[in-house]
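To keep things clear, I will list the structure first and then write my remarks on it.
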Protein chains: 2
Amino acid sequence: MQNIRKISDSTIRRLSLYYRALSNSEKDGYFTVSSQDLAKKERLTPAQVRKDLSFFGSFGTRGLGYPVKELKEKIGSILGLNRSWNVALIGVGNLGSALASYKEFQKQGFHIKLLFDNDPKKIGSSIDGIPILDIKQIGTQLKQNKIDLVIMTLPGHTAQGVAEEVVRAGVKAILNFAPVSLKVPEDVFLRNENMAIELEYLSFCLKNRNNPGKHA
Amino acid sequence: MQNIRKISDSTIRRLSLYYRALSNSEKDGYFTVSSQDLAKKERLTPAQVRKDLSFFGSFGTRGLGYPVKELKEKIGSILGLNRSWNVALIGVGNLGSALASYKEFQKQGFHIKLLFDNDPKKIGSSIDGIPILDIKQIGTQLKQNKIDLVIMTLPGHTAQGVAEEVVRAGVKAILNFAPVSLKVPEDVFLRNENMAIELEYLSFCLKNRNNPGKHA
DNA sequence: AATTGTGAAATTGTTCACAGCA
DNA sequence: TGCTGTGAACAATTTCACAATT
C-alpha cells in the first residue's frame with residue numbers, strides 16, 4: 001500500500017472488471033472468491049488478478065480466497081465509486097440522449113446534473129428531469145454546479161472548441177465520444193470512447209481471419 | 001509485408017487513429033505527412049508511428065514523409081475498410097437506436113442491415129429504413145442476410161443467451177455493449193465497449209489527482 | 001537537410017514458481 | 001491442503017539512435 005508507484009493503465013481497467021464480477025458474485029450469494037474464480041469470469045490468469053490487487057494491498061486470506069463484499073468495497077473505494085461525481089453531458093443528439101437516460105451511471109455514483117445543446121428547440125426542455133441548457137452557458141453553469149466530469153457527445157468539428165471552454169471552467173476529466181483527438185492541458189484527464197476503433201479492429205480480424213483477438 | 005507475424009492489438013488500434021488523422025489531413029489539402037505530424041495529432045511518438053507502419057510495409061519516402069492519400073488507402077485496406085460488411089444490431093433501446101442512425105458507420109463500410117428486438121411494439125417498424133425484426137428470428141435472418149458482424153446493445157442478463165444464438169448462426173465478430181463478459185468460442189472475435197470502465201478510470205484519476213493518464 | 005526504416009536497448013507488463021499462512 | 005502475495009524470469013512493447021535515401 002505504501003508503494004505509491006505507477007499503477008498501469010491496464011491494471012486500473014481490470015479493476016473495473018473485477019468490480020463488476022464481484023458485484024455479480026455478491027448477487028449470486030457468494031462470500032468468497034479465489035483469484036482463479038475471478039480470472040475465469042474475466043478471461044484472465046489468476047496470477048494477474050493477484051498481482052493487480054497486490055499493488056493496492058493484501059485483501060485475501062491464504063488458503064481461502066478473497067471476501068466478496070469487502071473486496072468489492074475496497075476496489076470501489078480505489079476507483080472512487082464510494083462517492084458521487086457531478087457530471088455534465090454536452091451534445092444532446094441520439095447518443096447523448098441515450099446516455100443521459102442510462103441508469104447504470106447513476107448507480108455507480110456518476111450523477112448527470114446538466115445537459116447542454118445549441119439547438120433552440122431542445123434548450124429549455126429536459127430528459128428524465130435533467131435540464132437541457134444553452135451551450136453558451138457552459139462556463140458559468142459548470143462552475144456553479146461544481147461539475148467534476150464532462151461527457152462530450154457532439155459532432156467532431158465542434159468538439160475542440162467546446163473542450164477548451166470546459167477546461168477553462170476548471171473541469172479536470174473529460175470522456176470524449178466525438179471522433180477527434182482532443183488537445184487538453186496535461187492536468188486534465190481525458191479518455192476517448194471510439195466505437196469506430198472497435199469496429200475497425202473487428203474488421204481487421206475478419207479480414208485476416210486466423211489468429212483470434214479476443215476481449216477488450 | 002511478408003512477416004505475417006503477431007501484430008499487436010495496440011498497433012491495430014493505432015492504425016485506426018492514423019486512418020482518421022490521414023482523412024483529416026486529406027480534407028485539409030495536405031499531400032504528405034511526416035511521422036512527426038501524425039504523432040503530434042494523435043499524441044504518440046514519431047518512432048511509434050514508423051514502427052507501426054513498418055509491420056505492414058514501407059510506405060514513406062526518406063526525407064519527405066508519407067503520401068497522405070496512398071497511406072490512407074493502404075491503411076484502409078489493411079483494416080478492411082475498402083470493402084463493405086453486413087452488420088446487424090440487436091437490442092433497439094436508447095443506445096441501439098442511437099447507433100442505428102449513426103451515419104459514420106455506413107461511411108466506413110459497416111452497413112447496418114437488420115435490427116432485432118423482443119418488444120412487440122417495436123417489431124415491424126423501422127429506423128432510417130432498417131427494419132426491426134423479432135429477436136426470435138435471429139438464427140434464420142442472420143444467415144439469410146449474410147451478416148458478418150453483430151452489435152449487441154441489450155440488457156446484461158439476456159446477452160449471453162443471445163450471443164450463443166448469434167454464434168450458432170455462424171457470425172464471427174461481435175461488438176458487445178452489454179455490461180457482461182461474454183463467453184464465445186475461440187474462433188469468434190469479440191470486443192467489449194464498456195463505458196463504465198472509462199468513467200471509472202476517470203474517477204480513479206480524479207481521486208488520485210496527481211499523475212495524469214491521458215488518452216484512450 | 002529532412003525523414004524513413006529498423007536493429008538494439010530500455011522499459012513496461014505478464015507469468016512463473018514457490019515461500020508463507022490459514 | 002489450498003490459495004495468497006511476491007520476487008524473479010520472461011515476454012511484449014516502446015523508444016533510441018543511426019544508417020540509408022531522397
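Residue numbers begin at 1 in each chain, while the letters A, B, ... track the order of the sequences. Note: hydrogens, waters and symmetry copies are ignored here, and every other heavy atom, side chains too, is used.
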Roughly, in whole Å, what's the span from CD1 in I7(B) to P in dA12(D)? 13 Å

Report, as yes or no, whether the 6.0 Å neighbourhood of atom CD on Q144(B) holds more than 12 heavy atoms from other residues, nucleotides or ligands. yes

Value in whole Å for how far the P atom of dT14(C) lies from CZ of R43(A): 17 Å

Looking at Y66(B), I'd like to know whether one of its side-chain N or O atoms comes within less than 4.0 Å of OP1 or OP2 on dG5(C). yes

Could you check whether atom CZ of F59(B) has more than 12 heavy atoms from other residues, nucleotides or ligands sitting under 6.0 Å from it? yes

Would you say T45(B) places a side-chain N or O within less than 4.0 Å of OP1 or OP2 belonging to dT15(D)? yes

Q48(A) atom CD is separated from dG5(D) atom P, nearest whole Å, by 15 Å

Length of the line joining D9(B):CG and dA11(D):C1', which is rounded to integer Å: 15 Å

Of all heavy-atom pairs between I112(A) and A100(A), which one has the smallest distance, and what is that distance? CD1-CA, 4.1 Å

Closest-nucleotide ordering on DNA chain C, the 5'-leading residue of R14(A) and G63(A): R14(A)

Figure out the CZ/C1' separation between F59(A) and dA22(C), and round it to whole Å. 19 Å

Taking 4.0 Å as the cut-off, does a side-chain nitrogen or oxygen of R50(B) come that near to OP1 or OP2 on dG7(C)? no

Side-chain donor/acceptor of S203(A) to backbone N/O of L199(A), under 3.5 Å: no

Does a distance-only test, which skips hydrogens and angles, find a donor-acceptor pair under 3.5 Å between the side chain of R62(B) and the base of dT4(C)? yes

Rounded distance in Å - CG (L53(A)) to C1' (dT14(C)): 15 Å

I need the NZ-P distance between K6(A) and dT14(D), as an integer number of Å. 14 Å

Using the side-chain heavy atoms of T61(A), tell me which of these nucleotides is nearest: dT14(C), dC3(D), dA22(C). dA22(C)

To the nearest angstrom, the NZ-P distance between K51(A) and dC10(D) comes to 15 Å

Is the count of non-hydrogen atoms from other residues, nucleotides or ligands lying under 6.0 Å from E70(A) atom CD greater than 12? no

Indicate, with a heavy-atom threshold strictly under 4.0 Å, whether S35(B) touches base, sugar-phosphate, or nothing. sugar-phosphate

